Amino acid sequence: MSTDTTAAAPEAIDGEALPFRYGATLAAAIERRWQDRWEAEGTFHAPNPTGSLAAPDEITGEKFYLLDMFPYPSGAGLHVGHPLGFIGTDVLGRYLRMKGRTVLHAMGFDAFGLPAEQYAVQTGTHPRKTTEENILRYKAQLRQLGLGHDDRRSVATTDVEFYRWTQWIFLQIYNSWYDPARQTARPIAELEAEFAQDKRRTPDGRGWCELTSVEQRGVVDSYRLAYIAEAPVNWCPGLGTVLANEEVTADGRSERGNFPVFRRNLKQWMMRITAYSDRLIDDLNRLDWPDSVKSMQRNWIGRSEGAQVRFPCGEAAIEVFTTRPDTLFGATYMVLAPEHPLVDVLAPAEWPAGVDARWTGGAATPREAVAGYREAAGRKTDLDRQENKDKTGVFTGAYATNPVDGREIPVFVADYVLMGYGTGAIMAVPGQDQRDWDFATAFGLPIIRTVQPSDGFEGEAYIGEGVAINSANADVSLNGLGVADAKRVITEWLVGRGAGEAVVQYKLRDWLFSRQRYWGEPFPIVWDEDGMPVALPDSHLPVELPEIDDYSPKTYDPDDADTEPEPPLSRASEWVEVELDLGNGPRKYRRETNTMPQWAGSCWYPIRYLDPENHERFVDAEVEKFWMGKDPARTDDTGGVDLYIGGIEHGVLHLLYSRFWHKVLFDLGHLSSDEPFRRLFNQGYIQAYAYTDARGVYVPAEEVVEAAEGGFTWNGQPVRREYGKMGKSLKNVVTPDEMCERYGADTFRLYEMSTGPLDVSRPWSTRDVVGSQRFLQRVWRNLVDERTGASRVTDEVPDDETQRVLHRTIAGVHGDYTALHYNTGAAKLIELNNHLTKAYAGRGVPRSVAEPLVLMMAPLTPHIAEELWSVLGHDGSLAHGPFPVADEKWLVADTVEYPIQVNGKVRSRVTVAADADTDAVQAAALADEKIVAALEGKEPRKLIVVPGRLVNVVV
RNA sequence: GCCCCCGUAGCCCAAUCGGCAGAGGCAGACCUCUUAAAAGGGUCACAGUGUGGGUUCAAGUCCCACCGGGGGCACCA
């Protein structure tokens, strides 16, 4: 390779006298040249073991799969906060590559999504056009940062070749069912075979052959992992689409757009993620993830163990779920959710004699009371229900029988019980549940304590640990047992009586998977003349999005709950109505007109990076095993990406969905890893100050100055400072483009990595960037003649002190890079350079120190390091090493200075040989005259010698 | 209300198993190079670790309570 690597003479901006001073101009020339060269030489191409990207000879060292959460290419472009994680991963990737590891690092785009579609609706521009322009802009912005990505592996979820495989994965899921006995997904054909051979009973007990083919298909469809269900979903008229639970905020609004969301029963595609609840929760223990994300997922899945108990009630029985079956003897009433189907059935025509006036809601009959209450509850939004925690309800007029003691207890309807959790009915135990206590107090219901509160307990409901009391019948007694034992005993008793069983409940619901949008993956599904869904065979993939004129779903008044979703694709009638031969002759079908949610593509993109050009499979099995396979050297390894870095905002949605898909594909034998991300790391955010004037209007943050007496001013007028996001409307956006122009990419990278450890959020401060620039300039000046651009290094043998500083730096930098503590790594490099500046002022730095310094800088500031490396006479790139190795002999000092403490206060210091043993150190300490004086002849009570650290004399 | 994380110099951040509170940067003061300018060179100062207790020979680090900031969950039975 004959690329010219001498420093180009820059335009005279840095001054005639010093044409080779390192500044923005010179940096720009160096950076552009090295970026071109890396691209031309394919420096960051990662070798696959086989397939189109195969280069088995280039595989050296252990592989490492490094991954960033890929960005959505928005029209606004990147601001300086976005690349923080990207630079962080790049530094690690470059370091590991220099150490000889085979590193895969690529960057793609999560390119389906609402903004491009909304822009299309407004302007008529095809979302593909907007999306592709934005991707090009992002790529240019990322390229100028010098990120070492394998550009051959850059995929976008909107690429037809990509979403063809998203559709293929959907079909894999659709064509599977979950076998709870084997705890695994299995092909649907195996289920059909079980039915056909009568090894499995049909839901209504008829023989398989007695069912019509449509009935048979209906039965099979009800087992699929992707299925159609008429279910209560989150309908958002303002957006014209339904949303997943995860996309709705706690106050019942859409995460995007903040529109009201209503619960509606609609037919939608669902994914049976609940089948994986246990594995998703249990396998968290096998992952190297932050505790915060693990606990968020545990919380979201919400597993609770308890018992399902039946309370007889007239002809019917009310089923309740409880985590506290030990408190059954304290159940003094029951509550049904307003939507509970038994509410209508139970209410008798007349109130029982002597009914408490508080219970009737003023109604003449129970049916009237219940109907009125139900209607009122139905009008309340979820938000109203949550905000108003005063307990309301009415008596149904019916009584149920407590199965443990035969007591008749009243049944209420109240909206503090939710239909969506458990069975939608509870047994109320006011003695041990504060909500029930509040209700019981309001309605004059009895309270029985069945757990002995701890001494001095002064609260109302007691939820703590304690022994059971008041809990015995003729058959069984819990009295004296602790909570756990009592639960076990009573559950066994219930099971024995056929009154209940031990069950596990989850908060997790199935994943609503269809959206009424244009810019998403079409489903590979058609509907036949029987109105049944039919999966398209693989040979019909991809199902491409049709061209249409109007990209918008029908949207409505955001508050109008009584509207129906109407997807934009439903208007593409030529595309929707098709005649296909799916193996039984040409027939007419209607295409599914919903599209997949944005999460679909992000569920599996890391897998496609591995083998982006494979047209036969979504990934080659050997390639997947190489990059993501389980490591037999680790116990119970999950396999997966070696390090995944991204923001914590994806803690539940993306990370839960992709784990689910990954596990299905693993179960079906398509993947060898059973988790997608072995290690997860949440980077912090770059935040920014914004300033408002007296009217509360944002002023350009760039132009605000700090007043001498404190406070801030803009154009002389005082402004108020606030801290938070960077955004156009806040007038505080700083872009990487600006930083590259003013300082160069290396300075920008170094600045972002220096301001703190990667997981810490920190404020952006443009004026601090100059510090990083100065460091690079000083290194440059130490090694390069600013007048001629020639090397200044010498062949001098460095002095011992310099050797020690160098090797201490090498040892430290290894640890810092590995731990993603780039701020301390950078500090050590600055320290080393500061030492060189002093020690070799005016005469050039020894080559044996200069070279390791340059190599160690390379992960953080790759362009200037490459340039210096070539100025020092090396032809090739340093991207693949070597990386300096510390020499032990320079890590140990000859002598150690020990501080001597008397009673914990430093009184003196002694210097002893580094290999002096404890006794010698002790002797030296006690012989020190200041210590002798401090002791005043007293005998030390205790002597602590911490080797290499200090001596403490206790008197 | 419950759970998790974080409080070190004017600011961003270091500090290994508990072992001398300071590595680095910004801003500041002073000196200096330069015709001049500063993104030139150099020197210096600045906190006892949010507050109050405790454990220890020794606490920024461990324990308890409180205060402040950030995040998650929230009538989940």
Side-chain angles (χ1 to χ4, degrees), chain A residues 14-15 17-18 21-24 250 290-296 299-300 302 304 306 320-324 327 335 385-389 391 414-418 420-429 432-436 438-439 505-507 648-649 651-652 706 710 723 742-743 747 750-751 754-757 759-778 781 786 812 815 821 823-831 834 837-838 841 897-906 909 940-955:
Chain A
D14 287 319
L18 301 170
R21 167 165 288 189
Y22 184 80
D291 286 338
S292 56
V293 179
K294 288 188 184 184
S295 83
M296 279 163 68
N299 223 313
W300 190 262
S304 42
V320 303
F321 171 72
T322 175
T323 55
R324 294 293 303 273
T327 64
V335 183
R385 275 203 188 187
Q386 272 169 29
E387 279 191 342
N388 189 353
K389 299 207 171 173
K391 297 290 178 286
D415 67 1
Y416 82 93
V417 172
L418 310 174
Y421 185 74
T423 60
I426 61 155
M427 63 173 204
V429 187
Q432 276 84 225
D433 184 297
Q434 188 62 41
R435 295 159 301 182
D436 298 342
D438 294 342
F439 189 90
Q505 274 288 332
Y506 305 89
K507 274 202 296 182
I648 194 161
E649 71 271 21
V652 175
E706 195 165 356
Y723 182 55
R742 280 170 67 178
Y743 300 101
T747 297
L750 181 63
Y751 168 72
S754 302
T755 45
D759 51 349
V760 169
S761 292
R762 71 275 328 239
W764 175 265
S765 173
T766 298
R767 70 174 191 185
D768 292 3
V769 179
V770 66
S772 299
Q773 171 100 87
R774 280 184 195 139
F775 164 63
L776 297 181
Q777 202 171 67
R778 287 170 191 167
R781 187 183 298 121
E786 291 183 309
H821 290 171
N823 54 329
T824 52
K828 290 184 176 83
L829 295 176
I830 293 170
E831 215 181 333
N834 287 350
T837 306
K838 266 183 214 144
E897 187 189 60
Y898 280 83
I900 315 297
Q901 297 181 335
V902 178
N903 290 336
K905 290 206 172 72
V906 179
R909 289 162 195 283
R941 202 149 53 83
K942 204 169 176 184
L943 256 168
I944 292 119
V945 179
V946 185
R949 283 290 179 180
L950 55 52
V951 181
N952 190 9
V953 187
V954 186
V955 241

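So that the names make sense, note that chain A is the first sequence line, chain B the second, and so on, each numbered from 1. Please read these numbers as outputs of a predicted model, since none were measured by experiment.
Taking atom CZ of residue A:Arg781 and atom C1' of nucleotide B:rA39, one finds them 10 Å apart after rounding to whole Å. When rounded to the nearest whole Å, the span between CE of A:Met427 and P of B:rC76 equals 15 Å. Between the P atom of B:rG72 and the NZ atom of A:Lys507 lies a distance of 14 Å, rounded to the nearest Å. The CD-C1' distance, from A:Gln434 to B:rC2, rounds to 14 Å in whole Å. Atom CZ in A:Arg767 sits roughly 11 Å away from atom P in B:rC26 (whole-Å rounding). Note: CG (A:Asp291) to P (B:rC4) measures 10 Å, nearest angstrom. Atom CZ in A:Arg762 sits roughly 17 Å away from atom P in B:rC26 (whole-Å rounding).
Comparing B:rC33 with B:rC26, their C1' atoms sit 23 Å apart, to the nearest whole Å. Taking atom C1' in both B:rG68 and B:rA74, one finds a spacing of 23 Å when rounded to whole Å. Of the P atoms belonging to B:rC57 and B:rC3, the separation is 33 Å, rounded to the nearest Å. Between the C1' atoms of B:rC46 and B:rU8, the separation comes to 13 Å (whole Å).
Base pairing of B:rG1: its partner is B:rC73, meeting the Watson-Crick or G-U wobble criterion (both donor-acceptor distances under 3.5 Å). With a 3.5 Å ceiling on both atom-pair distances, the Watson-Crick or G-U wobble partner of B:rG28 is B:rC44. Summarising the base pairing, B:rA58 is matched to no nucleotide, lacking a Watson-Crick or G-U wobble pair whose two defining distances lie under 3.5 Å. B:rU49 is unpaired under the criterion used here, namely a Watson-Crick or G-U wobble arrangement in which both key atom distances are under 3.5 Å.
Nucleic acid contact class of A:Thr322 (heavy atoms, under 4.0 Å, all strands): sugar-phosphate only. Here A:Asn952 lies in heavy-atom contact (under 4.0 Å) with a base. If you check every strand for non-hydrogen atoms under 4.0 Å, A:Ile830 touches sugar and phosphate atoms only. Looking at heavy-atom distances under 4.0 Å, A:Thr837 makes contact with sugar-phosphate atoms alone, never a base.
Put simply, A:Arg435 has no side-chain N or O that comes within less than 4.0 Å of OP1 or OP2 on B:rA77. Phosphate proximity of B:rU16 to A:Arg949: absent, as no side-chain N or O sits under 4.0 Å from OP1 or OP2. Distances shown here put a side-chain N or O of A:Asn823 below 4.0 Å from the OP1 or OP2 atom of B:rA14.
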